[in-house]
Amino acid sequence: MTEARLATGIWVAALRQRLEAAAVPFYILARGDGTAGAVALVAAQGAQAALWLREYDLEADARRWRIVAQGPAAEVAAAARRQRDFDPDLWLIEVETPDLTPWLDGLD
């Protein structure tokens, strides 16, 4: 049986609402496919950043967020661009926060 997924555009709107309510700055750097596009999130604070991607965990049979690049913001931005070049349907969103965990909890 296939798991029902929330359309990406709706998921992004829900994240946006959470962040705006908490006055956390965010920027949509690239819009992907509104129905089934993947999302890459950049958590940025000053000169440091982390790139988060949602991946499927076979052992847990669930989707999990994982940091795939971390370090100087310029290096993380380059990693995000490479992801976008690989997948043009990918949404790129930057959030000015050191940790995305509180904003992602319960949003799936």
Side-chain angles (χ1 to χ4, degrees):
M1 184 172 166
T2 305
E3 176 185 324
R5 282 184 53 189
L6 189 61
T8 307
I10 294 171
W11 187 92
V12 169
L15 177 64
R16 171 184 234 156
Q17 199 168 42
R18 270 188 180 190
L19 295 169
E20 284 179 344
V24 175
F26 70 95
Y27 312 93
I28 297 176
L29 304 175
R31 290 182 187 274
D33 183 273
T35 303
V39 177
L41 299 169
V42 176
Q45 185 171 33
Q48 297 294 307
L51 176 62
W52 295 59
L53 292 176
R54 191 169 173 221
E55 298 176 338
Y56 188 73
D57 181 345
L58 289 172
E59 290 181 21
D61 190 29
R63 296 190 183 281
R64 305 267 190 243
W65 286 95
R66 182 172 82 86
I67 296 174
V68 296
Q70 192 169 15
E75 291 177 18
V76 172
R81 282 192 303 277
R82 285 192 300 275
Q83 288 291 326
R84 173 73 178 172
D85 289 345
F86 177 74
D87 180 2
D89 290 333
L90 180 74
W91 290 70
L92 286 178
I93 301 171
E94 182 174 320
V95 182
E96 290 187 17
T97 183
D99 183 16
L100 286 168
T101 305
W103 310 111
L104 299 175
D105 283 348
L107 199 55
D108 291 327

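Keep in mind that what you see is a predicted model, and the values were worked out from it rather than measured.
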Checklist entry - For A73 and A49, which heavy atoms make the closest approach, and how far apart are they? => result CA-CB, 4.0 Å
Checklist outcome for this item: To the nearest 0.5 Å, atom CH2 of W103 lies from atom CG of L41 at 13.0 Å
Checklist entry - Is there side-chain contact between W52 and D99, with heavy atoms separated by less than 4.5 Å? => result yes
Next on the checklist: So, taking the atom named CG in L100 and the one named CG in L19, what distance separates them when rounded to the nearest 0.5 Å?
Outcome noted: 8.0 Å
Checklist entry - Hey, does V39 have a side-chain heavy atom less than 4.5 Å from the side chain of W65? => result yes
Checklist outcome for this item: Residues I67 and A50: closest non-hydrogen pair is CG2-CB, 4.1 Å
Next on the checklist: Quick check: closest heavy atoms across L53 and A40, and the distance to 0.1 Å?
Outcome noted: CD2-CB, 3.4 Å
Item to check | Set of salt bridge (Lys or Arg N to Asp or Glu O under 4.0 Å) partners for R16, sequence neighbours left out | outcome: E20
Checklist entry - Under the side chain to side chain donor-acceptor pair (under 3.5 Å) rule, what pairs show up with a residue in residues 72-95, not counting sequence neighbours? => result none
Item to check | Nearest-0.5 Å distance that lies between atom OG1 in T8 and atom CZ in R31 | outcome: 12.5 Å
Checklist entry - In Å, rounded to the nearest 0.5 Å, how long is the span from CG of L104 to CZ of R64? => result 13.0 Å
Checklist entry - Does one hydrophobic cluster hold both V76 and L92, with members joined at side-chain heavy-atom distances below 4.5 Å? => result no
Item to check | Least distance between heavy atoms, V42 atom then A80 atom | outcome: CG2-CB, 4.2 Å
Checklist entry - Are L90 and V68 linked, directly or through other ILVMFWY residues, by side chains that come within less than 4.5 angstrom of each other? => result no
Next on the checklist: What's the separation between atom OG1 in T35 and atom CD1 in I10, rounded to the nearest 0.5 Å?
Outcome noted: 8.5 Å
Item to check | Nearest atoms (heavy-atom pairs only) where V24 meets V95 | outcome: CG1-CG1, 3.6 Å
